[in-house]
Protein chains: 2
Amino acid sequence: MSKHRPTIADIARRAGVSKVAVSYALNDRPGVSPATRASIKAIAQEIGWRPNSAARALTHARADTVGLALSRPARMLGVEPFFMELISGIETELSARGCALLLQVVTDPAQELEMYRRWWGEGRVDGVFLADVRSPDPRIEGIAELGMPAVVIGHPSAAGTLTPVWSDDSAALRDTLTYLAALGHRSVARVAGLPELIHTQLRDRAQREISAGLGLDEPVVVHTDYSGEEGAHATRRLISSATRPTAVIYDNDIMAVAGLSVAQEMGLDVPADLSLVAWDDSQLSRVVRPPLTALSRDIPAYGSHAARTLLAMVADGSAPGFEDAAARLVPRGSTAPPR
Amino acid sequence: MSKHRPTIADIARRAGVSKVAVSYALNDRPGVSPATRASIKAIAQEIGWRPNSAARALTHARADTVGLALSRPARMLGVEPFFMELISGIETELSARGCALLLQVVTDPAQELEMYRRWWGEGRVDGVFLADVRSPDPRIEGIAELGMPAVVIGHPSAAGTLTPVWSDDSAALRDTLTYLAALGHRSVARVAGLPELIHTQLRDRAQREISAGLGLDEPVVVHTDYSGEEGAHATRRLISSATRPTAVIYDNDIMAVAGLSVAQEMGLDVPADLSLVAWDDSQLSRVVRPPLTALSRDIPAYGSHAARTLLAMVADGSAPGFEDAAARLVPRGSTAPPR
DNA sequence: TCACGGCACTTACCCGGTTCAGTAACTCCG
DNA sequence: CGGAGTTACTGAACCGGGTAAGTGCCGTGA
């Protein structure tokens, strides 16, 4: 028996028709009698025929694949559940539509753009996701120039001419600060992520404005690389500063856990001496003691929305942006009125 | 200017030669003069030509893509740094060779096999990785039947006729148990992962054998789904059992952190009352108090080795298996002699 | 001066599936 | 019973590259 994968020509030979008839039959297009169609389909089934994706891509200029390149170092990616959950949500949507995901981990945004150029030039993808938007971000303009469908996972103000899918961080922050203010906190610091990311900058600004609006102290914001080490270090600095805050918001949960450990090690009682809030919830927030009050979002759903938007863009040439639900504050044991 | 991506025909027209000459020139094959070659390359560069991957795939029957399907639920994947780090290591190797990674998150192993069948049938991938091998695992035989190059990320005894890339868990376990025995522990339990995974079973057996060899008590092993919740629950059970162990090994770090919290909450001092060891090290192990003694591996390197092996299989039809370094025990504050 | 070898390039056809423009045969209707 | 319309199907060409087998031209050596 022959090694090569069956083609429509093989089916045509066995069915005694031309390969065109086979193509029509298998694609449920008119032009073949029901009997012929059935027998062709039966043969295809029997010999295990699958359409060659390259041949298909060649004719309709469709790759049925979208791309995602991530430019954070491996150890950062590993520790943040965010991306894995996002990817898995993206997948859910894509696989339902028979679309594949091409993934690439690169070291910097310039490489990422180069990757996208290559994928697009080679016709490997029909569109891409863009995460971790910076300011300024050459990827935005680069992709717009290519005319490649792209969805920005981030706020519209960062998306340029591309289509954004985002959630309202400032609403989430408002809820959190209002809650902390109601508990009696006046000095709320934040251990933030990478300062060059637009979403960090938006959170920074929102925090200043909302704090001012609520009559809280001007917030101290410490920027980090999202690692536990820097989260711990930042917490140590905040605790030992002259104006020690009574509450700290962390931009991810690994830093919040690190902060909790540091606080306890320095003899502080959480939440009595220091309240902690983690931005983005995961199992981690629930397994430590006290469990962490967290800003919880359905990240897989966020990914699904992004994927749906991108597929719509690929199909129709454009699609409206999508605002996902804001993160929901889940109070747990790490927040309380200050002593 | 025309919308469509440039092809070699466009280059041929502009250079005043046939497209075959262009093909020869761009692929550095003899048959064109240096002058013509240079001018063709210059034109290609200028108009931003890239070889269409579908067309290429069609002629060489090569997709320049390998696949990885993961069948764990989204929330499990997110929380375990292992897979993200593995993927990023795989990527490092692949991208250096211009190969892409097709990723799919599915819900069960049967779906995973179906995915592999489809990818292979459609010519989308040249080979795949297989992770989380079970016993019995229909994927092994299914893939072997297809004749598709595949690397099993796991022990040779689980790989059937496929090529394994693995690390010696039993050596790592021996180091750990020897270390704990030297500290004076006699009762070492383990909070293990999914019991249907072969690698869990191998660890279980190794632990029994090594414990017996060292004269330790017959180990209590509790199986979980790797989640923090189940890790916490298992720890609670172990601590309140009649034969409370003096040390516990956890099959991942999120469970170890959960176990630490539970122990402290139940009034135990770690490490004086209970020593803890985490299998696989991440930032998490270092940010909690006390920091966790861990079995540390270079997971990205593990991924790179797997990728290199798979690429060799694709190129040569077969490749030898590869045994990666065993995990190294990194003692930290969570282990000490029992009270 | 002419056969020969090799260079530089072309023509023809392939990969696997899709599309377009036919072409028989059969049906319907006036 | 002849012409129009429909059905079921086929041949040729195409997508964007790649390969095998030429072809024409040049320089060289006998």
Side-chain angles (χ1 to χ4, degrees), chain A residues 2-41 43-44 47-64 98 118-126, chain B residues 2-41 43-44 47-64 98 118-126:
Chain A
S2 71
K3 279 249 121 128
H4 87 122
R5 292 177 264 220
T7 71
I8 54 167
D10 298 326
I11 300 176
R13 202 172 316 117
R14 295 193 38 169
V17 294
S18 71
K19 59 187 198 133
V20 183
V22 175
S23 176
Y24 287 157
L26 293 173
N27 290 298
D28 287 322
R29 290 156 52 90
V32 269
S33 68
T36 311
R37 188 186 303 279
S39 98
I40 286 172
K41 284 190 167 180
I43 294 171
I47 66 176
W49 174 86
R50 312 263 183 161
N52 179 300
S53 73
R56 273 232 160 113
L58 203 50
T59 43
H60 20 22
R62 267 298 196 85
D64 286 327
R118 193 172 130 195
W119 281 349
W120 182 245
E122 293 178 355
R124 270 177 185 276
V125 300
D126 300 323
Chain B
S2 71
K3 277 259 122 128
H4 87 121
R5 292 177 264 219
T7 71
I8 54 167
D10 298 327
I11 300 177
R13 203 172 316 118
R14 294 193 38 169
V17 295
S18 73
K19 61 188 196 124
V20 181
V22 175
S23 176
Y24 286 159
L26 294 173
N27 290 298
D28 287 323
R29 290 157 53 90
V32 268
S33 68
T36 311
R37 188 186 303 276
S39 99
I40 287 173
K41 284 192 166 179
I43 294 171
I47 66 177
W49 175 85
R50 312 262 184 161
N52 179 300
S53 73
R56 269 221 163 125
L58 202 49
T59 43
H60 325 27
R62 268 294 197 88
D64 286 326
R118 193 172 130 194
W119 281 348
W120 182 245
E122 294 178 354
R124 270 177 185 275
V125 299
D126 300 323

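First the proteins, then the strands, lettered A, B, ... as listed; each starts at 1.
Separation of atoms NZ (A:Lys19) and OH (A:Tyr24) is listed at 12.0 Å; rounding is to 0.5 Å. Rounding to the nearest 0.5 angstrom, the gap separating the CZ atom in A:Arg118 from the CZ atom in B:Arg50 is 8.0 Å. For the atom pair B:Arg14 CZ and B:Ile47 CD1, the distance stands at 6.0 Å (nearest 0.5 Å). The distance from atom CD1 of B:Ile11 to atom CD1 of B:Ile8, rounded to the nearest 0.5 Å, is 7.5 Å. Atom CZ of A:Arg56 is separated from atom CG of A:Asp64 by 8.5 Å, given to the nearest 0.5 angstrom.
When every heavy atom of A:Ile40 is checked against every heavy atom of A:Ala15, the shortest pair comes out as CG1-CB, 4.1 Å. Scanning all heavy atoms of the two residues, the minimum distance from B:Ala63 to B:Ala57 falls at CA-CB, 4.4 Å.
For the pair B:Asp10 CG and D:dC15 P, the computed distance is 11 Å after rounding to whole Å. Between B:Arg124 atom CZ and C:dG16 atom P the separation is 17 Å, expressed in whole Å. B:Arg5 has its CZ atom 12 Å from the C1' atom of D:dG16, to the nearest Å. Straight-line distance from the CD atom of B:Glu122 to the P atom of C:dG17: 11 Å, rounded to whole Å. Atom CG of A:Asp64 and atom P of C:dG16 are 19 Å apart (whole Å). Between B:Asn52 atom CG and C:dG17 atom C1' the separation is 14 Å, expressed in whole Å. Atoms CG (A:Leu58) and C1' (C:dC14) sit 13 Å apart, rounded to a whole Å.
One finds a salt bridge joining B:Asp28 and B:Lys41 here, because a Lys/Arg side-chain nitrogen approaches an Asp/Glu carboxylate oxygen to under 4.0 Å.
Within the helix from C:dT1-D:dA30 to C:dG30-D:dC1, the inter-axis angle between the opening and closing five-pair segments is 60°, rounded to 10°.
Near DNA chain D, meaning a heavy atom under 4.0 Å away, the residues from residues 30-37 of chain A are A:Gly31, A:Val32, A:Ser33, A:Thr36.
Looking at B:Asn52 and A:Leu58, their side chains come closer than 4.5 Å, going by heavy atoms from C-beta outward.
Without hydrogens or angle criteria, B:Arg37 side chain to B:Arg29 main chain gives a donor-acceptor distance under 3.5 Å. Distance alone, capped at 3.5 Å, is enough to place a donor-acceptor pair between the A:Arg5 side chain and the B:Trp120 backbone.
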*Which letter, B, S or -, goes with each nucleotide of nucleotides 18-27 of chain C from 5' to 3', with contact meaning a protein heavy atom under 4.0 Å?*
BBB-------
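Contacts of B:Arg50 with the nucleic acid, taken as non-hydrogen atoms under 4.0 Å apart, involve only primed sugar atoms and P, OP1 or OP2. If you check every strand for non-hydrogen atoms under 4.0 Å, A:Val17 touches sugar and phosphate atoms only.
A:Ser18 has a side-chain polar atom (N or O) that falls below the 4.0 Å cut-off from OP1 or OP2 of D:dT10.
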